[in-house]
Every structure is written in structure tokens, then in C-alpha cells.
Amino acid sequence: MLEPIVEAINLTKKIQGKDIIKCLNFKINPGEIIGFIGPNGSGKSTTMKMMMGLISITEGDVIVKGKSVKNNREAALVHMSGIIEYPEMYSFLSGFDNLVHFQRIRGSKNVNKIKQVVELLGLSKDIHHKFGIYSLGMKQRLGLANALLYSPDVIVLDEPTNGLDPEGIQETREYLKMIAKENGISIFISSHLLSEIELMCDRILIIREGEIRYDGPISEFLNESRNSKVRVVIKIDRKDYSSALELFQENVVDMNESHGLTISIPYHDIPLAVEQLVLNHVKVYSLTSQTESLEERFIKSSGGIK
Ligand SMILES: Nc1ncnc2c1ncn2[C@@H]1O[C@H](COP(=O)(O)OP(=O)(O)OP(=O)(O)O)[C@@H](O)[C@H]1O
Ligand SMILES: [Mg+2]
């Protein structure tokens, strides 16, 4: 069995008598990218803050490489770095000097490593400008560069793509995937961009009202919807419309010359539909099934993202 890098055991947070996080149990395996998703106020940042030792743990614990965040904070957190909510840096120092400063606090000095992460995150051009004038996207990138400087075993990122432009989001995603794969670093990432999570993560944890509602591979989460109906758009010749209508009858939801014929059928009936079309000599030019995205599925299962 793979030893998990991080294990949350009955992790609980109460604030002013209110249960914010209710007895969470989950594991993070080496090199795994886990998406942590849930509506606003569901408890993502609070969970991540407890994992990073930034706020106290009311009950339960987080174990990082066998060390308890609750009882052995320093030793546990040596293996972890991250950004929670907002990358905090000194505005009067340049990006570069901030990185040097934070590296020094951790007791190391390696300018080459700084140059390497700066280059990788596309910050070379602005790295000697003051942090205070950076855009939010640049601040996020610098925060990420800082998190990567320590070659941690696990990186916790709370909405790291917040404020990034689409290009920045894509670059960040590719970079995170690369470090997970090549350096075996685990990544625990929260985001509201479900399409990003879908493209990047191996597993998802869905939290709602402080409780885990789903923990498993994205593929399985999406597959659960495979028995529900999907819309299938079929491009056929106009002369074949009447045969197709007869075949699919009440399953036809739209018929449009430019879009084609749209039917609504269970996902597993798609091959049967293709077979029937062919048997009835209907010429099919294209067939597109509109399966649910993670976003659609998530909204259905948890009552919304926002
Ligand atoms: N210091 C605090 N005092 C009182 N309530 C708090 C405190 N910190 C968080 N909460 C409450 O805990 C719940 C979870 O908040 P949290 O910030 O963890 O949610 P989130 O999932 O990160 O939301 P978002 O998607 O908006 O970032 C919210 O209802 C919030 O109001
Ligand atoms: Mg949050």
C-alpha cells in the first residue's frame, strides 16, 4: 500500500460554538493532484489553513509524513508549502528580493533555484520590480514561485488561478502537472474553475457545509451521470429527416438544418442509435454527444458552486 503524504483524521473546526468543519477524513498520496471543490463558505480555506498550521485544529489532526500538525507542527510543516487565499509579500521589496527573503527565513540560500522557478513561472521580466506594483496575477505567480522554492512533498494551493488571465491559468496548470509528474510532488488545490480541475486533477474532494460529499476519481464522478440522458446531435441529409424522426420519435428535442437533429437518450443507448441509423440507410456525417461536464454534474449534485 502506498503511504499517504498527508492524512486528515477526523479533522474538525469549531468557531464560536459553530461547527465549520465536521470530522473530515481524507488522504493525499505521493504525486497526486487533488481538486478540493465546494460552494462559497463550504470550508475549503478553513480546512487548508488547519492543514498548513495557520489556525488551530479543534479536534482530530493532520498527519504529514507521519508527523502531527497539532503536536509537532514544525516537523510536519517542513514537508508542506502553499498559498492560502492571498499571496502575502513585502510590497516595498522586489519580487526577487521577496523570494530571497523567504528563502533565507527557511534557512537556505540558492539564487539559482530562485532563477529557475522565476523563469518557469514566466516572471523574469518583472522580477526586479517592486511587489507592490504587481498585478494580482503576477502576485499569484510569485506566491507560487515561493511555494515551489522549498521542493516540498506537498503543495496546498487555495485558488491559485484567482486573478490570472486564461493564458496564465493554462500555464499554471501545465506547470503544476509537470511538477507533480516529474518531482512526485502532491498538489492539493481548491478552485472555482471546475473546467481547470477537470483538466488537471486525478481525484476530487467535494465539500459542502463542512462535510466531504464525494472523494474519488473525477472519471467515476462523471460516470455516475452516464445512465442519465445525454443530448446527441446528429448531422444527416435533409432528405433523411423523416426516417430519423420515425426512428427516434419522442426522443427528438430539436431539428435544425444548420445544427442537425438533436435527440435525448441514455448515454449507453448511443451505439444502438448509431446502429438504427445505419440499418435504415440514413447517412450520418457526424454525431456529437453532449455529456455533462464536471461543472454541470457538480451543480446537480451539490446544489451549485457559488
Ligand atoms: N474566523 C471566522 N469566524 C467566524 N466564521 C468563520 C471564520 N472563518 C470562516 N468562517 C466561516 O466558516 C465557513 C467556511 O469558510 P471558508 O472560508 O473556509 O469557506 P470557503 O469554502 O473557503 O469559501 P470560498 O469559496 O468563498 O473561499 C463560512 O461560513 C465562514 O463564514
Ligand atoms: Mg476560500
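Indexing begins at 1, ligand by ligand and atom by atom, following the structure's order. Since the structure is predicted, the reported quantities are computational estimates derived from the model, not experimental observations.
- Within the 4.0 Å heavy-atom cutoff, Lys49 does not count among the residues contacting ligand 1.
- At under 3.5 Å, a nitrogen or oxygen of Gly43, whether backbone or side chain, sits near a nitrogen or oxygen of ligand 1.
- Taking every non-hydrogen atom of His192 and a distance limit under 4.0 Å, the qualifying atoms of ligand 1 come out as 25 (O).
- Aromatic ring centres of Phe102 and Tyr150 lie farther apart than the 6.0 Å criterion allows.
- Taking every heavy atom of Ile20 and a limit of under 4.0 angstrom, the matching atoms of ligand 1 come to 11 (C), 12 (O), 13 (C), 14 (C).
- Each of the following atoms of ligand 1 lies closer than 4.0 Å to a heavy atom of Ser45: 17 (O), 18 (O), 20 (P), 22 (O), 27 (O).
- In terms of N/O distances under 3.5 Å, ligand 1 is approached by Ser42.
- Here Thr46 has heavy atoms under 4.0 Å from ligand 1 in both its backbone and its side chain.
- At a cut-off of 3.5 Å, with distance as the only test, a side-chain donor of Lys13 or Ser56 sits close to an acceptor on the other residue.
- The nearest N, O or S atom of Ser190 is not closer to the Mg ion (ligand 2) than 2.8 Å.
- Between Ile15 and ligand 1, no N or O atom pair is found at a separation short of 3.5 Å.
- Using a 4.0 Å cut-off between a side-chain N of Lys or Arg and a carboxylate O of Asp or Glu, Lys283 and Asp240 do not qualify as a salt bridge.
- The aromatic rings of His101 and Tyr90 sit perpendicular, their planes meeting at an angle over 60°, well past the 30° parallel limit.
- With Asp126 contributing its side chain and His129 its backbone, the two residues share no donor-acceptor pair below 3.5 Å.
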ring-ring contact (aromatic ring centres under 6.0 Å, His included) between Phe96 and Phe131, intermediate numbers included: CA-CA 9 Å; Phe96 190 84; Phe131 181 74; over 10 Å; no
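- Less than 4.0 angstrom separates some heavy atom of Lys44 from each of these atoms of ligand 1: 18 (O), 19 (O), 20 (P), 21 (O), 22 (O), 23 (O), 24 (P), 25 (O).
- To the nearest 0.5 Å, atoms CD (Glu220) and CZ (Arg203) are separated by 11.0 Å.
- The proximity of Pro39 to ligand 1, defined as any non-hydrogen pair under 4.0 Å, is limited to the backbone.
- Between Asp158 and Ser190, the side chains place a donor N or O and an acceptor N or O closer than 3.5 Å (distance only, hydrogens not considered).
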